[in-house]
Visitor: 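The structure's right below; bear with me while I get my questions together.
Order of listing sets the numbers, starting from 1, for every ligand and every atom in it.
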Amino acid sequence: MKITRVHARALHIEFPIGVLGITDTQSMNCVFTEVETDDGHIGYGFSAITNVEVVTTAINKVAGPAILGDDPVATERVWDKLYWLLCPRGQGGHGMHAIAAIDVALWDIKGKALDLPLWRLLGGARKKVPVYATFGFGFFDRDQLGDAAKHWIGLGFDKIKMTVGMNALARRDEPRPLEDAIRADVARVQAVREAAGPDVGIYIDANCSLDPLHAIKLAKQLEPLDIAFFEEPINQNDIRPMVDMRRQTSIPLACGQNEGQAHRFRDLMIHGAVDVIQPNVVISGGYTQCIKVAGMAQAFNVTIDNGGAWPFHNMHLHGGVANGGLVECHFLSIESCKRIFKSLPEQENGWLTLPETPGVGLEPDLNAVHDLEIH
Ligand SMILES: [Mg+2]
């Protein structure tokens with residue numbers, strides 16, 4: 001089998017929020033990638049949470065042409081070739097997103113060629129994976145957050161995640177002092193705990209938006225509210241202050257979704273910076289690297305969960321490997337996927353059942369993809 005075509009498209013997806021009577025729209029961007037083989041297989045790759053036009057150009061102009069004629073099933077060989085092409089001095093960033101998008105497509109092809117769903121190909125550890133809902137976005141005001149929490153609990157979730165920080169460092173010159181930002185966060189998380197009751201797991205995510213001082217301060221104030229984990233609490237996932245923070249708070253810490261190179265995952269674990277490590281297959285170098293990160297996590301006895309959204313790609317990793325964990329049913333990413341793919345698995349009572357269709361099992365609506373393309 002040989003790779004005959006690689007083509008990526010940058011997509012911009014807009015959709016109405018559509019819950020609690022809110023009529024505003026939200027949007028997400030992603031990279032949709034097709035890899036075709038000489039025997040007619042097409043693999044669909046994906047990446048997101050970065051500048052999608054840069055990644056699309058990297059694939060179409062550099063990475064794609066370099067792997068034409070290569071064996072798509074030789075995922076280690078192709079990954080290594082792309083590493084030396086796009087990030088030869090250990091860079092992460094856009095190059096690693098481009099590798100992830102292509103690698104996801106190659107594993108999709110491998111599954112289709114072998115007639116196996118990807119989670120079985122990766123090890124087949126479990127037929128269904130536990131999920132949590134990411135619902136608590138900044139567009140909900142404090143009063144709406146409680147209702148939103150009840151809405152998602154009503155859908156069957158007993159684990160729910162909300163954002164904190166909300167770009168606090170980036171917005172400090174509005175002015176919006178970090179003290180004000182974390183004071184608002186405490187009130188928002190309190191509103192969600194009151195609405196959710198004591199038995200629902202509440203997870204928080206600062207998306208790297210706080211400095212260590214305010215991340216620790218916020219964590220201390222939220223400790224009485226029984227927080228399941230605090231994701232990306234500190235700017236840049238900076239390892240040394242993450243270690244300091246982990247020693248100072250009883251709230252478990254998580255990160256990894258935006259990391260590129262394997263050594264960053266190793267260092268986060270070897271220094272004891274995290275309780276939960278979060279490789280994301282559409283960001284952290286595809287399935288090829290994420291199964292290695294999962295192996296490292298097993299050796300370090302560190303839990304892995306999905307952060308950084310895109311559950312329909314990440315569920316295969318967590319279903320495949322023995323130490324797989326929670327998959328993130330991220331509301332905005334699921335709404336985005338509904339506009340790209342024809343049918344999607346749905347969670348039931350906090351579980352996603354993995355598909356038996358070969359490969360990743362996502363069939364795109366190519367007319368919709370065409371309409372969503374950024375030109
Ligand atoms: Mg996150």
Side-chain angles (χ1 to χ4, degrees), residues 26-30 46-52 92-93 96-97 100 129-140 145 148 152 157 159-170 181-182 185 188-189 192 201-210 215 218-219 222 227-239 242 245-246 251-260 264-265 268 273-285 290 293 297 302-315 317-318 324-337:
Q26 284 289 312
S27 65
M28 290 193 91
N29 292 347
C30 67
F46 199 87
S47 190
I49 317 193
T50 186
N51 185 300
V52 295
M96 196 53 76
H97 281 265
V129 287
V131 297
Y132 66 94
T134 293
F135 82 101
F137 301 99
F139 55 74
F140 291 126
L145 265 180
W152 265 275
F157 292 101
K159 302 176 188 71
I160 56 176
K161 190 169 88 183
M162 60 184 291
T163 55
V164 294
M166 285 180 279
N167 304 314
L169 283 168
I182 64 169
D185 286 334
R188 288 169 67 85
V189 180
V192 168
I202 296 177
Y203 300 70
I204 59 172
D205 186 351
N207 298 302
C208 297
S209 68
L210 296 169
L218 177 60
L222 294 179
I227 304 301
F229 67 55
F230 191 167
E231 180 173 315
E232 292 196 323
I234 291 176
N235 187 22
Q236 302 170 23
N237 297 319
D238 191 357
I239 291 175
M242 287 276 293
M245 180 175 179
R246 189 159 167 258
I251 299 177
L253 302 187
C255 77
Q257 66 173 68
N258 297 306
E259 297 297 338
R264 283 279 299 164
F265 291 94
L268 283 160
V274 288
D275 298 277
V276 178
I277 197 90
Q278 299 178 300
N280 189 306
V281 300
V282 307
I283 300 171
S284 314
C290 286
V293 174
V302 171
T303 297
I304 63 168
D305 289 327
N306 173 201
W310 312 107
F312 308 115
H313 295 90
N314 281 286
M315 65 185 182
L317 174 71
H318 292 277
L326 297 171
V327 170
E328 180 180 15
C329 285
H330 183 284
F331 172 56
L332 302 180
S333 82
I334 290 175
E335 291 302 306
S336 300
C337 284

Visitor: Could you tell me whether the side chain of Glu328 and the main chain of Gly308 form a donor-acceptor pair under 3.5 Å?
Guide: yes

Visitor: Determine, using ring centers only, whether Phe137 and His330 are less than 6.0 Å apart.
Guide: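 Ring centres of Phe137 and His330 closer than 6.0 Å.
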
Visitor: Treating Asp275 as the side-chain partner and Leu253 as the backbone partner, does any N or O pair qualify as donor plus acceptor under 3.5 Å?
Guide: yes

Visitor: Taking salt bridge (Lys or Arg N to Asp or Glu O under 4.0 Å) as the definition, give me every residue that meets it alongside Glu259, ordered by chain and number, with sequence neighbours left out.
Guide: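 By the salt bridge (Lys or Arg N to Asp or Glu O under 4.0 Å) rule, Glu259 matches Arg264.
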
Visitor: Please give me the protein atoms (N, O or S only) lying under 2.8 Å from the Mg ion (ligand 1), ordered by chain and number.
Guide: Asp205 OD2, Glu231 OE2, Gln257 OE1

Visitor: Any sub-3.5 Å donor-acceptor pair from Asn306's side-chain atoms to Gly325's backbone N or O?
Guide: no

Visitor: Would you check if the side chain of Ser284 reaches a backbone N or O of Gly260 as a donor-acceptor pair within less than 3.5 Å?
Guide: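 Looks like no, no N/O pair under 3.5 Å.
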
